[in-house]
Each structure stands twice: as C-alpha cells, then as structure tokens.
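What follows is a set of notes on a single structure, which appears directly below.
Proteins come first, then strands; the chains are lettered A, B, ... in the order of their sequence lines, and each starts at number 1. Everything numeric in this text was worked out from a predicted model, so none of it was measured.
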Amino acid sequence: MKFTTDSLIVEEVLSGNKEAYGRLVDRYKRPLYNLAFRMTSSVEDARDLSQEAFVRAYTKLHKYRPDKSLFTWLYTICLNLTRNHLAKRREVGSEDPDRSAAARGMRDGNCDPLPDDLLIEKEETKWLERALQVIPVELREAVVLRYMQDLPFEEVAMISGVSTSAAKMRVYRGLERLRELRAREEQTDGL
Amino acid sequence: MGYDWTDQDAVIEAVEGGLRETGRGKAGVEGMDSAEEERRLGDLRRIADLARKAPDREVPSNFTAGVMERIGRGDRSWRAAFWVFLSRPRHIRVNLLHLLSGTGALAFLILFLVTGVDRPILKNTASLQETKKEYVVRFSYFDPEARHVYVSGSFNNWRKDQSPLVDPSGRGLWIGAVVMKPGSYEYMFVVDGRWVTDEYALRHKEDGFGRKNAVLTLGIDDEKAIKKSSLLHGSGLLASLRGKSVWGR
C-alpha cells in the first residue's frame, strides 16, 4: 500500500538515510511537476517550483504526520509555492506576462491556429494550457487538481484549504470561465 | 430537461456524467431553452474531458538528482535534528507500578535535595541534617523482600507504626526521615512486624530481650565518627554536617 510504504520511507529518512528520500522524489515528481507546469505554463518554473517543494518537504519532514497522505501534503506545499510565485510575478510586472499574453491571444483570436470545427488533440491541449493562464488562480488550481491531476473533490478541498462544496463551486466556475473564453474566441473567429 | 444552474453541485454532477435533473426547474438562467441548456452542458463536458485527457509533460531527466544535490548541500539544522529526536513516536512498554514508584522516588529525591542532603543513602542506617534547634534524621533500610518497614525508638515512645519508611523505587530501598531534638536515642527497625537491629549504627546497647538497640546521639560534635562510619560501611555514605552534629555513637 502506497500510504504505508510512504510512511516507512519517511521513517527511514528521519532515521538518517538521506538517500531514501530519492525514492519519494521519484514516486511523486511527475504529478508535482505537472501540477506546477499547469499552474504556470512554464517548464522552467515548473521544474524550479516542484524541486523546491521537494526540498521544503525534506526540511520539514519531521512535521509530517504519518496518519496523513504524503501525496496530499506534498501537493499542498507545491501549490503554496506556486501561488506565492504567481503572486510575486504579478507584483513585479503590472500584469502576469503569461496571462496577459494568453488573454491577448484569446481576445484577438491570435493564439496558435485553432481550426473552426474540429480541434486536433494537441492543439486543444495547447489551447487549454493557455486558457488556464487567463482564469483566476483559485479556479485554475481547482480545475487542474480535479481533472488534470484526477483528484477527488475531497482531496481538492483539502489541498486548496476550502470545504468540499467550495471546491465544487470553484471547479464549476473554472469550467464556466473556460467555456466563456472558448465561446468568445469562436465568436471572434466567426467574424 | 431542466437544470438549476445555481445548484453548482448538481451541474458538476451533470458535467461529470450524471446528467441529473435537479427537479427545481430552470431557476438560474432566464430564457434558456432545453437545447441551449444541453449545448452549454456539452461545452462544459468537452472542456472537462479535454482537461482530463491532457497528457502529462515529461519530467526533466535530472530532476531527482537536482533535488538530492540540493538536499545534500544543506543538512537539516541541529535544531531540526533535535526536534526529530524528541518528536519521533516510539513504542514503549510501561509498567504502571514502576512508573508510580519512579515518580515517588523522584519526589523524594527532590524533597531530599530541598532539605539539603549531600549524598545518597545506600545502606540501612540513619544520617542526619542539623537545623537550628532540631535534627532531621534520615533512616534507610535495604531489603527487597520486605513489605512494611518502620523505625521505632525512644524518640516515638517505641511505637511500631508511627514512623513508616517507604520504598519509592520498588527495589527495596526503604527511606524515611524523623525530626529530633538534641539528645540520645535508641531505635530499631520493624520489618514486617519483626524487630531488626540497625547493624550499621556505630553504637549499640542491649535491650534486655536478647537484642541490641542502635544508639543515636545528637548534639555532640564528632565528625570523625561520621567518617569512620562511612569507612566501616563502605557505602559511600558521608553525612555532611553543618556545625555541631553527631552520628549515632
């Protein structure tokens, strides 16, 4: 069982076997890296943030409670780092560069070619990655955690620090915002 | 058909495949007909599906090595390591009797420290501490088999049950203290009802029943006697006496 083995590895690391931590990194690097990527739409930021999350988790490993899911704990650390990173990025520039670029693309209909009727999967994925950068961070993280990371609502709520019904509301609003973006874009293309 | 678009739980369920009608009618969006509702729901589903099917990005090949290198550069601080040592859960087995007697021993130790004892008492005997007008005489008796131990003597009119000793550690070291005024006293231990002579006393006196009482004299300066007592017993006992005081002689 993953939960049990996670706890055992944590215990091993705390006993002084630093190398054992590599097993945890290998186990969770993919979801954490992809979470950070989908939140930032930048491979560099995704690498830095997810690596930083693992380093932070290591330094705070003594605070980890074995009765909780390590996966959820790591996700929460990674998501907090990502939120701070996005907030700083907004403070540095007047606008989030990714978001503004994506927004401009959406508004002007100038993002990567989007066929009118049938979008091929790759292009749709690209569209989604861009569109996610346009919607508010809390709605973005709800959609990412629920659908792209495939987590149950309860876990989405736990990681985001809100109630389950609030998590559902965020997911719905996130989808709705994406739908509106798409509708607007199709309207622009149709003109 | 008819969805309550203000009931976001229901809409999410519908998006995720439930296609559940809320039964509350079209309260949310004015003028939306069934076809429009279905189209909107279909759009939401397509976006959810798109998100669900979005392929994962490949993690950079040196990702784990990068993390381990950063971890290797800086060990956890000694504070964090100490916290780990303190906070790590451990499996322990507790004998409640030992726990209680240990707590009792600790309480006695603190009491003795407060009253100024300088060395631990290791053998059955008496040591003393002088106050201004009185002496605190500490008795100790070692017998792991004993169940009840008292000290009885001329200072308590030979009452057998007035001055009990206790065994806080549960290991047979019975201890107790009696406050006495200067003078000469005779005493014996009462162990499970039997009269037992304090063999380690410096002086003894026949009791007229074929046994010997220990003799304790307080108020005479005789530190040599104390030291002699320590050597004789080999117990490490050295009562530290302030001013004029006397070991049993």
- Per-residue contacts, residues 147-155 of chain A versus chain B, heavy atoms under 4.5 Å: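 Listed by number: Tyr147(A), Met148(A), Phe153(A).
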- Query: Heavy atoms, side chains only, cut-off 4.5 Å: are Met68(B) and Glu19(A) in contact?
  - Reply: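 SC-SC contact between Met68(B) and Glu19(A) confirmed.
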Hey, could you give me the [atom1]/[atom2] distance between [X] and [Y], rounded to the nearest 0.5 Å?
| X | Y | atom1 | atom2 | value |
| --- | --- | --- | --- | --- |
| Arg45(B) | Leu175(A) | CZ | CG | 12.0 Å |
| Thr64(B) | Lys29(A) | OG1 | NZ | 3.5 Å |
| Leu178(A) | Asp43(B) | CG | CG | 11.5 Å |
| Phe63(B) | Arg47(A) | CZ | CZ | 9.5 Å |

- Using modelled atom types only, decide if a donor and an acceptor are shared between the side chain of Asn34(A) and the backbone of Asp56(B) within a distance under 3.5 Å.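 No, because the side chain of Asn34(A) does not come within donor-acceptor range (under 3.5 Å) of the backbone of Asp56(B).
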- Query: Glu124(A) side chain to Leu50(B) main-chain N or O, any donor-acceptor pair under 3.5 Å?
  - Reply: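 Absent.
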- Task: Look at Val43(A), Val25(A), Leu32(A), Val171(A) and state which one has the largest set of heavy-atom pairs under 4.5 Å with chain B.
- Result: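 The residue among Val43(A), Val25(A), Leu32(A), Val171(A) with the greatest pair count is Val25(A).
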- Count the heavy-atom pairs under 4.5 Å between each of Phe54(A), Tyr21(A), Phe37(A) and chain B, then report the option with the highest count.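 Between Phe54(A), Tyr21(A), Phe37(A), the count favours Phe37(A).
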- Arg56(A) atom CZ, over 12 foreign heavy atoms within 6.0 Å: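 Check fails, neighbour count at 12 or below.
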- Query: For Arg171(B), does the CZ atom have more than 12 heavy-atom neighbours from other residues, nucleotides or ligands under 6.0 Å away?
  - Reply: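 No, because the 6.0 Å sphere around CZ of Arg171(B) holds 12 heavy atoms or fewer from other groups.
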- Message: To check you understand the geometry: which heavy-atom pair defines the closest contact between Ala51(B) and Leu128(A), and what is its length?
- Response: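 Minimum heavy-atom contact is CA-CD2, 3.4 Å.
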- Message: Can you tell me which portion of Val144(A) sits under 4.5 Å from chain B's heavy atoms? Options are side chain, backbone, both or neither.
- Response: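 Neither part; nothing is under 4.5 Å.
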- Query: Do NZ/NE/NH1/NH2 and the carboxylate oxygens of Arg57(B) and Glu129(A) come within less than 4.0 Å?
  - Reply: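 So Arg57(B) pairs with Glu129(A) through a salt bridge.
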- Message: Quick one, Arg30(A) with Glu58(B), criterion side-chain contact (heavy atoms from CB on, under 4.5 Å). Give me CA distance, side-chain angles, the key distance, then yes/no.
- Response: CA-CA 7 Å; Arg30(A) 193 179 182 93; Glu58(B) 283 306 314; 3.2 Å; yes
- Item | Arg40(B)/Glu180(A) under salt bridge (Lys or Arg N to Asp or Glu O under 4.0 Å): CA gap, chis, key distance, verdict | CA-CA 10 Å; Arg40(B) 183 172 172 176; Glu180(A) 285 167 8; over 6 Å; no
